[in-house]
Amino acid sequence: MTRSPSERSPGSWFPTRLRAREGLRAALVPVVACSVALAGLTAWTSSGAAGSPPRIAAGNGRVLLPQGSSRETAAFFDITNIGGSEDRLTEVTSPGVEEALLSRRERTGLGADLVRTTDSVRVPAGGTVTMSPFALSVTTRAKEMGWQAGDIVPFVLHFRYSAPIEVVAVVVRPGT
């Protein structure tokens, strides 16, 4: 025996076509939204707009020959990122030096430049960072005296996302 809607108890639920249609519509909206988002992300990554991981290469390493009795010097490298995402140089180490700090030279406008250490250096996607005595460098202290022009000093460049890169620097006289 089927009860009429007026005879049903007040809290009972009975499926109707209207309720079924509303339930289907409510379930369909998030499914369609997720499908559209997935299609958009697929198109974005397929076009290359999402980028690729950083791919770092380094070379042209030079380290200045310390002057006089000082062991303080600076090293310079060219770092290229041919990947689609930026990376950051976070540290430089070497068995041939006591300490290596990333440094930036800043003009004060008062005739003398200021050299400040920096925590990291941005290596842009598709770009190159060229270190020089006038901008960015690795300030360091040689472990031992007696470096000669032409000697080779090994360094390891450490990055936030990429694997460390071993690179050698040639000892050069300042100004060459």
Side-chain angles (χ1 to χ4, degrees), residues 1-62 74-95 97 99-109 113-140 154-169:
M1 172 169 150
T2 306
R3 294 183 181 178
S4 69
S6 60
E7 295 176 359
R8 290 190 193 120
S9 60
S12 68
W13 182 85
F14 189 90
T16 64
R17 286 187 179 184
L18 177 63
R19 286 184 178 166
R21 194 175 329 137
E22 287 174 352
L24 183 60
R25 187 178 300 157
L28 192 60
V29 168
V31 169
V32 169
C34 288
S35 298
V36 168
L38 181 61
L41 287 171
T42 301
W44 183 50
T45 54
S46 296
S47 70
S52 58
R55 291 182 37 204
I56 305 293
N60 196 22
R62 297 121 20 240
F76 314 97
F77 306 94
D78 292 341
I79 304 168
T80 302
N81 180 357
I82 59 173
S85 301
E86 79 171 34
D87 205 344
R88 295 197 78 77
L89 174 65
T90 57
E91 182 183 20
V92 178
T93 58
S94 171
V97 300
E99 182 179 37
L101 300 171
L102 293 169
S103 302
R104 229 179 250 291
R105 184 175 297 270
E106 300 173 4
R107 297 208 175 259
T108 62
D113 289 350
L114 184 62
V115 177
R116 293 185 187 200
T117 60
T118 183
D119 292 337
S120 65
V121 175
R122 180 179 174 262
V123 184
T128 298
V129 172
T130 301
M131 296 183 179
S132 76
F134 309 107
L136 179 66
S137 65
V138 179
T139 55
T140 187
F155 284 87
V156 179
L157 308 180
H158 301 268
F159 297 88
R160 180 170 290 154
Y161 303 113
S162 301
I165 295 178
E166 295 179 12
V167 62
V168 295

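Note that these values count all heavy atoms, side chains included, but never hydrogens, waters or copies made by symmetry.
With sequence neighbours left out, S162 forms a side chain to side chain contact (heavy atoms under 4.5 Å, CB included) with P54, I56, D87, F159. Taking V36 as the reference, V32 meet the side chain to side chain contact (heavy atoms under 4.5 Å, CB included) condition, with sequence neighbours excluded. Taking T93 as the reference, H158 meet the side chain to side chain donor-acceptor pair (under 3.5 Å) condition, with sequence neighbours excluded. In terms of the side chain to side chain contact (heavy atoms under 4.5 Å, CB included) criterion, residue partners of A75 (sequence neighbours excluded) are, by chain and number, V63, F77, V138, F155. Not counting sequence neighbours, the partners of E106 by the salt bridge (charged side-chain N to carboxylate O under 4.0 Å, His left out) test are R116. By the side chain to side chain donor-acceptor pair (under 3.5 Å) test, T130 pairs with no residue at all, sequence neighbours left out.
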Would you tabulate the side-chain donor-acceptor contacts of residues 120-127 under 3.5 Å, counting partners in other chains and residues two or more places apart, or write 'none'?
from : atom 1 : to  : atom 2 : distance (Å)
S120 : OG     : R88 : NE     : 2.8
S120 : OG     : R88 : NH2    : 3.3
R122 : NE     : E86 : OE1    : 2.6
R122 : NH2    : E86 : OE1    : 3.4

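How far CG of N81 is from CZ of R55: 9.5 Å, rounded to the nearest 0.5 Å. Separating the CG atom in L101 from the CD atom in E91 is a distance of 10.0 Å, to the nearest 0.5 Å. Considering CD of E166 and OG of S94, their distance stands at 10.5 Å, rounded to 0.5 Å.
At least one side-chain heavy atom of I79 sits under 4.5 Å from a side-chain heavy atom of L89.
For S137 (side chain) and F76 (main-chain N/O), no donor-acceptor pair under 3.5 Å exists by modelled atom type. Not a single donor-acceptor pair under 3.5 Å links the side chain of R105 to the backbone N or O of S103. Using a distance-only test at 3.5 Å, with no hydrogens or angles considered, a donor-acceptor pair links the side chain of S52 to the main chain of G84.
A58 and I165 get closest at one heavy-atom pair: CB-CG2, 4.3 Å.
A side-chain hydrogen bond (donor to acceptor under 3.5 Å, both in side chains) check over residues 20-35, counting only residues at least two apart or in different chains, returns nothing. Within the structure, ring-ring contact (aromatic ring centres under 6.0 Å, His included) pairs that include any residue of residues 17-39 do not occur (at least two apart or interchain).
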